[in-house]
Amino acid sequence: MIRLFDTQFSEIREIEPKEAGKFSIYVCGPTVYDRPHLGHGRFVLVYDILRRFLAYQGFDVRFISNITDIDDKILDRASKEGISPKEVADTYEQVWWETLDRLGVMRPDEAPHATDWLAEMVELIELLIESGAAYSTPEGVYFEVEKAPGYGLLARQDLSELRAGARVEVVQTKRSPFDFALWKLVESDEWGWQSPFGYGRPGWHTECVVMALGLLGEGFDLHGGGLDLCFPHHENERIQAVASGREFARHWMHNGFVMVGDEKMSKSLGNFETLENLLERFDSRSYRLLVLRSHYRSPMDVTPENSEDAERALERIDAFARRFTDLCERNHTVGADEGAMSRFVAAMSEDLNTPVALSYAFEAITGANGSMDRGQRDKAVAYAKAALAQLEILGLVVESKIDVPADVVALAELRVAARRAKDYALADNYRQEILDLGYVVEDAGSGFGFRRA
RNA sequence: GGCGGCGUGGCCGAGUGGUUAGGCAGAGGCCUGCAAAGCCUUGCACAGCGGUUCGAUUCCGCUCGCCGCCUCCA
């Protein structure tokens, strides 16, 4: 059982999957014409965390996220670089997956491409024309918004209150400024596909309709994406499905923006930072931790200070992992603390409250350390197992062991001998030498441990 | 113009009608040969002004400041 804020009702609602025990999710993926930025990183992490949690809850999760490889922006980039649109799309798709790997984001069960779904798109458009929901003009095929009941549900706006041409020039041949292109006719020497409506390219919104319904079926459980996709993209997806007589997503989820100062990070504002850049400068886990620390619907500020803060928090987690991972693996009699686990699950179940869930993970860490210090070994293991399980659900990989070169280990052993001989000056010398090699040696009982300097 | 959201302690960031969020940073202590790590203790926080209430950071109203959407966008 999980409750999530549903955009179409503007309230937190319990989700009952259509099929008990299963959970089908469609998340709008990237248009592959450039390198992914922090905004992309946030959405993939949010849904990655959701997915992991649902799997932990025992759901058989089917997770689909598309690659949009038909788009004017891809064409623009191709023209600029003198290469084909396909080359542009292939290049940036590859960057996309590489970056997701670095973020530790699970690959979707399937990642459909718009170019593989043209026949289905054409079929849907034909259906929409036949049913009178769409019409043709000399420029293409358009969806007639005013005839469709319930348009504006996701935007929570009545059509009459939308401001026509607020930001974009109104195309004169459309019956209403809000009508959107299902198929855009282009010259025969341009990038395009043959269709019953003429040679052209599909509009952006149609691909997600056919891919989501085609792979997950009618009435799939959850459709997600960034808040900026809510309107018009998701609205336009939904209305096409509805107009074609099919039940679309049962639940809509949107994640908030990444902010730069007081402004939304966006391609159009040009104030974006690439994920690759961030991943080069900071521990790759720090971004996931930042995403976890803010609620998914809130705006999230990413600054170097925040990333450094997150890195220090990771140190605490890693120090805990170094202390407890082996101990937990060897102990088969004690299970994860049930209270700690149920608190965590409750927080995650209530609109994916990762900040609170994370705070419980930290409390379990404190509980484990404290119990251990007090000599309550079993209690410590119970807390530690809970914390480790929780971190895993959140997708945070702990660094419980680091590879230390043999010469560093040798120095540490020499230091132990020096300490036993109470030659502390010599011991401190060894410690400095180890530090110079990039490691901090820490006393641990009769032995020693290391961490990176 | 319409719709939606936000304003929390040094920073980040949850939450609640009356009890410790959590992380980072800071202070004191314990442990340690010294450290590190860890533990314990510590911080007169809830934009402003009114109202409701025994009691509001939490509910209502107003004011101020800020952000987002209204067919590029994760």
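Values reported hereafter were calculated over all heavy atoms of this structure, with side chains retained and with hydrogens, waters and symmetry mates removed. A, B, ... follow the sequence lines: proteins, then strands. Residue 1 opens every chain.
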Rounded interatomic separation in angstrom, taking CE from A:M259 and P from B:rC11: 19 Å

Return the pairing partner of B:rG38 with a 3.5 Å limit on both distances, Watson-Crick or G-U wobble; otherwise return none. B:rC30

A:R316 side chain near B:rG38 phosphate (N/O to OP1/OP2, under 4.0 Å): yes

With A:D378 via side chain to side chain donor-acceptor pair (under 3.5 Å) - residues at least two apart: none

Where the side chain of A:D228 is concerned, which of B:rA14, B:rC73, B:rG23 is the nearest nucleotide? B:rC73

Find out whether the Lys NZ or Arg CZ of A:R175 is both under 6.0 angstrom from the six-membered ring centre of A:Y135 and within 45° of the ring's axis. yes

Taking 4.0 Å as the cut-off, does a side-chain nitrogen or oxygen of A:N369 come that near to OP1 or OP2 on B:rC39? yes

Base, sugar-phosphate, or nothing for A:E363, non-hydrogen atoms under 4.0 angstrom? sugar-phosphate

Of the candidates B:rA74, B:rC3, B:rA37, the side chain of A:A319 sits closest to B:rA37

Can you check the distance between B:rU19 and B:rC24, where both ends of the measurement are the C1' atom (answer in whole Å)? 26 Å

On the nucleotide B:rG15, are OP1 or OP2 found under 4.0 Å from the side-chain N or O atoms that A:N353 carries? yes

Mind checking A:V258 for me? I need base, sugar-phosphate or nothing, with any heavy atom below 4.0 Å counting as a touch. base

Does A:T366 put a side-chain nitrogen or oxygen below 4.0 Å from OP1 or OP2 of B:rC40? no

Any donor-acceptor pair under 3.5 Å joining the side chain of A:K264 to the base of B:rC73? yes

By nearest atom, which of the nucleotides B:rC69, B:rA36, B:rA21 is closest to the A:V440 side chain? B:rA36

Examine B:rA74: is either OP1 or OP2 under 4.0 Å from a nitrogen or oxygen in the side chain of A:R35? Give yes or no. no

Checking all strands, does A:G226 fall into the base, sugar-phosphate, or nothing category for heavy-atom contacts under 4.0 angstrom? sugar-phosphate

Just checking, A:R77 and A:Y33: is the charged tip under 6.0 Å from the six-membered ring centre and within 45° of the axis? no

Compare the minimum distances between each of B:rA21, B:rC24, B:rG22 and the side chain of A:F362, then state the nucleotide with the smallest one. B:rG22

Whole-Å distance between B:rA74 C1' and A:K73 NZ? 11 Å

Under 3.5 Å, which N/O atoms of the protein pair with N/O atoms of nucleotides 30-34 of chain B?
from, atom 1, to, atom 2, distance (Å)
B:rG33, N7, A:R419, NE, 3.4
B:rG33, O6, A:R415, NH2, 3.3
B:rG33, O6, A:R419, NE, 3.4
B:rG33, N1, A:D428, OD1, 3.0
B:rG33, N2, A:D428, OD2, 2.7
B:rC34, O2, A:R431, NH2, 2.4
B:rC34, N3, A:R431, NH1, 3.1
B:rC34, N3, A:R431, NH2, 3.3
B:rC34, N4, A:D443, OD2, 2.8

